[in-house]
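All remarks here apply to the structure that follows.
Remember, it's a predicted structure, so these values are computed and weren't measured experimentally.
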Amino acid sequence: MANHHVLDSHGSDISGEDTWQALATAQLPDGIALSNLTLLELLHKQEKVDVLVPLADLLNADGKLANGLLEQVFDILKQHSSRLGVWITSNTDADALAEVKDFLLTQDLIVIHVPSFVDGRGFSFAQTLRQLGYEGEIRMAGNFGRDQIAYLLRAGATSFVLNEHDLQSISDISQAFTALASSYDGRNAAALPMFAKQSEPSVAQL
């Protein structure tokens, strides 16, 4: 896993204070947490740790929390964790979040992984979580644009994972947390300038 940093809503690097570890799975996206651990490693730890698990693996085919063996495994995770959180990927159905509202509201951290700069679902997920009443930390990870940070804050995000390369390439990261180029109100991602449909590129853009 590449080196990453966690920044809070003011652009301050809080990596040294961050204690979250992602549960290693075959589909674990890069940057969900600063470190990860296997289920076996978790079960053998003497102390309890803060663990992130994939929401998709906890749901059944109907988008509801699975029972049976998966429910038992999650109970074991709770017994060996001091805090639990989940991560959401672009494959998650936004409508499914409402189906597991009560479960989500109990999570200490929800990480939203953005697969591409042009994917607006990260905005939608953050907005939906706030509308459902989630008051905890929403962390953005993945390939979101640095010029999207201020908009993501307005949509409900509170922290961000940036890789070492991106962090070093930005001369003043604090500007990304304050500059808003539009009057975006956090409600409709399609209204953002980076997602606006353009008919034909201008000569200057070619």
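Cation-pi contact between Arg121 and Phe123: absent, since separation from the ring centre below 6.0 Å together with deviation from the ring axis within 45° is not met.
Listed for the Tyr134 side chain is no donor-acceptor partner under 3.5 Å among the backbone atoms of Ala126. With Glu41 contributing its side chain and Thr38 its backbone, the two residues share a donor-acceptor pair below 3.5 Å. The main-chain N or O of Ser159 is never found under 3.5 Å from a side-chain atom of Ser9 such that the two would form a donor-acceptor pair.
Counting all heavy atoms, side chain and backbone alike, Trp87 lies closest to Leu23 at CH2-O, 3.4 Å. The nearest pair of heavy atoms linking Ala141 to Val111 is CB-CG1, 3.9 Å. The minimum heavy-atom distance linking Phe160 with Asp8 is given by the pair CD1-O, 4.4 Å. The shortest heavy-atom contact between Arg146 and Gly142 is NH2-O, 4.2 Å. The minimum heavy-atom distance linking Phe144 with Ile149 is given by the pair CE1-CG1, 3.9 Å. The shortest non-hydrogen separation linking Ala22 to Leu28 is CB-CD1, 3.8 Å.
Counting only residues at least two apart or in different chains, salt bridge (charged side-chain N to carboxylate O under 4.0 Å, His left out) contacts with residues 96-114 comprise Lys64-Glu99. Applying the salt bridge (charged side-chain N to carboxylate O under 4.0 Å, His left out) test to every pair with at least one member in residues 124-137, sequence neighbours left out, gives these pairs: Glu137-Arg139.
Counting heavy atoms from C-beta outward, Leu153 and Thr158 have side chains that stay 4.5 Å or more apart. With a 4.5 Å cut-off on side-chain heavy atoms, Leu132 and Leu97 count as touching.
The ring of Phe74 has its center closer than 6.0 angstrom to the ring center of Phe103.
How far CG of Asn143 is from CG of Asp119: 10.0 Å, rounded to the nearest 0.5 Å. Rounding to the nearest 0.5 Å places CG of Leu34 at 12.5 Å from CH2 of Trp20. The CD1 atom of Ile88 sits 5.5 Å away from the CG atom of Leu55 when rounded to the nearest 0.5 Å. Between the CG atom of Asn67 and the CG atom of Leu58 there is a distance of 12.0 Å, given to the nearest 0.5 Å. Annotation: the span from His4 atom NE2 to Asn163 atom CG amounts to 5.0 Å, rounded to 0.5 Å.
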side-chain contact (heavy atoms from CB on, under 4.5 Å) evaluation trace for Asp57 with Leu70: CA-CA 8 Å; Asp57 286 4; Leu70 281 178; 5.6 Å; no

Could you walk me through whether Asn91 and Gln27 pass the side-chain contact (heavy atoms from CB on, under 4.5 Å) test, one step at a time? CA-CA 11 Å; Asn91 296 325; Gln27 292 78 37; over 6 Å; no

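Put simply, Val53 and Leu42 are part of the same group of oily side chains (I, L, V, M, F, W, Y) that touch within less than 4.5 Å, one to the next.
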Please tabulate, for the side chains in residues 77-85, all donor-acceptor contacts under 3.5 angstrom to protein atoms that are two or more places apart in sequence or on a different chain.
{"from": "Lys78", "atom 1": "NZ", "to": "Asp75", "atom 2": "OD1", "distance (Å)": "3.4"}
{"from": "His80", "atom 1": "ND1", "to": "Ile76", "atom 2": "O", "distance (Å)": "3.0"}
{"from": "Ser81", "atom 1": "OG", "to": "Leu77", "atom 2": "O", "distance (Å)": "2.6"}
{"from": "Ser82", "atom 1": "OG", "to": "Val49", "atom 2": "O", "distance (Å)": "3.3"}
{"from": "Ser82", "atom 1": "OG", "to": "Asp50", "atom 2": "OD1", "distance (Å)": "2.5"}
{"from": "Arg83", "atom 1": "NE", "to": "Asp50", "atom 2": "OD1", "distance (Å)": "3.3"}
{"from": "Arg83", "atom 1": "NE", "to": "Asp50", "atom 2": "OD2", "distance (Å)": "3.2"}
{"from": "Arg83", "atom 1": "NH2", "to": "Asp50", "atom 2": "OD2", "distance (Å)": "2.8"}

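By the 6.0 Å contact criterion, CD on Gln46 is open, its count of non-hydrogen atoms from other residues, nucleotides or ligands being 12 or less.
Among Ile138, Ile32, Val86, the single residue meeting the side-chain contact (heavy atoms from CB on, under 4.5 Å) criterion with Ile112 is Ile138.
His5 and Glu164 are linked by a side-chain donor-acceptor pair at a separation below 3.5 angstrom, with hydrogens and angles left out of the test.
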